[in-house]
Amino acid sequence: MRPDRKKLAFRKKLQEEGKVSRNFNDDAETEAELFPDLMWVWDTFTLLNRQRQVGANGPQPISVHDIRSIAELKNVTRSDDIELLLLALPELDSIVLKAHYDEVEANMKKAQKKKPPGRK
């Protein structure tokens, strides 16, 4: 199964920023795989990502309160697991938010270029 172009572009951007070390190109045949023992962290992030607050300026960061609440709901009680969530989820969140706002900025620049001359 081939990953779609948008995902490949996102992965290439992460690589350019030094966030991933694996080379992603158009010939990539497989999706990136998560370690099975960390799948619960990704599942927690995707749940919070779908439920995040959205304000007038766009999506808001996932709060520590949200992370602690979901940990309690999922019965995550080990301090090491809670610490992992508190470290990993804000990092994942910052990557997703940066990608979103970079895309918004690029779209705004495109729209500015399309405006007729003389308009502000």
Side-chain angles (χ1 to χ4, degrees):
M1 181 170 151
R2 290 180 62 87
D4 65 40
R5 294 224 178 266
K6 189 172 181 179
K7 286 182 182 177
L8 285 173
F10 180 67
R11 290 178 185 167
K12 285 181 182 179
K13 184 176 176 196
L14 290 178
Q15 181 186 8
E16 289 167 3
E17 293 173 359
K19 302 231 185 224
V20 295
S21 58
R22 181 176 162 204
N23 240 351
F24 294 105
N25 56 40
D26 292 338
D27 298 330
E29 292 293 326
T30 59
E31 293 283 333
E33 292 183 31
L34 295 172
F35 292 110
D37 59 334
L38 292 177
M39 201 61 193
W40 70 276
V41 175
W42 179 252
D43 290 341
T44 303
F45 173 72
T46 57
L47 177 64
L48 288 173
N49 187 41
R50 287 191 309 266
Q51 302 299 322
R52 78 169 66 242
Q53 296 293 316
V54 178
N57 296 322
Q60 302 299 305
I62 295 171
S63 71
V64 171
H65 175 75
D66 291 338
I67 296 169
R68 291 288 299 183
S69 295
I70 199 70
E72 186 178 324
L73 284 170
K74 291 182 133 218
N75 201 27
V76 177
T77 55
R78 288 187 46 224
S79 61
D80 289 348
D81 290 341
I82 293 170
E83 185 177 350
L84 176 61
L85 288 177
L86 290 171
L87 291 172
L89 296 186
E91 282 297 315
L92 291 169
D93 192 38
S94 69
I95 292 167
V96 168
L97 287 176
K98 182 177 183 328
H100 171 77
Y101 286 114
D102 286 351
E103 185 177 343
V104 167
E105 185 178 341
N107 290 338
M108 287 176 63
K109 285 180 181 177
K110 281 183 192 177
Q112 288 293 328
K113 288 180 182 179
K114 290 182 180 179
K115 280 189 178 180
R119 288 199 166 184
K120 292 183 181 182

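A99 is linked by a side-chain contact (heavy atoms from CB on, under 4.5 Å) to F10, counting only residues two or more places apart in sequence or in another chain. With sequence neighbours excluded, the residues that form a side chain to side chain donor-acceptor pair (under 3.5 Å) with N49 are R52. Partners of K110 by salt bridge (Lys or Arg N to Asp or Glu O under 4.0 Å), not counting sequence neighbours: none found. Partners of S63 according to the side chain to side chain donor-acceptor pair (under 3.5 Å) rule, which considers only residues two or more places apart in sequence or in another chain, are D66.
Between E72 and R68 there is no salt bridge, since none of the side-chain N atoms of the basic residue sits less than 4.0 Å from a carboxylate O of the acidic one.
Other cluster members for Y101: L97, joined by side-chain heavy-atom distances under 4.5 Å among Ile, Leu, Val, Met, Phe, Trp and Tyr.
Atom CD1 of I67 sits about 4.5 Å away from atom CG of L89, to the nearest 0.5 Å. Note that CG of D37 and CE of M39 are 11.5 Å apart. Values are rounded to the nearest 0.5 Å. Note that CD of E103 and NE2 of H100 are 7.5 Å apart. Values are rounded to the nearest 0.5 Å. Note that the NZ atom of K98 and the CD atom of E105 stand 9.0 Å from one another [nearest 0.5 Å].
For the residue pair D93 and P61, the shortest heavy atom distance occurs at OD2-CA, 3.3 Å. Shortest non-hydrogen contact noted between I82 and T77 is CD1-O, 4.0 Å. Q60 approaches G55 most closely through the heavy-atom pair NE2-N, 3.8 Å.
With hydrophobic clusters built from ILVMFWY side chains whose heavy atoms lie under 4.5 angstrom apart, L73 shares a cluster with L47. Transitive grouping of hydrophobic side chains (ILVMFWY, heavy atoms separated by less than 4.5 Å) keeps F35 and L87 in distinct clusters.
Using a 4.5 Å heavy-atom cutoff, the side chains of F45 and V96 are in contact. No side-chain heavy atom of V64 sits less than 4.5 Å from a side-chain heavy atom of P90. For the pair L84 and W40, the minimum side-chain heavy-atom distance is below 4.5 Å.
Within the structure, salt bridge (charged side-chain N to carboxylate O under 4.0 Å, His left out) contacts touching residues 81-90 (residues at least two apart or in different chains) are R78-D81.
Around atom CG of N57, no more than 12 heavy atoms belonging to other residues, nucleotides or ligands sit under 6.0 Å away.
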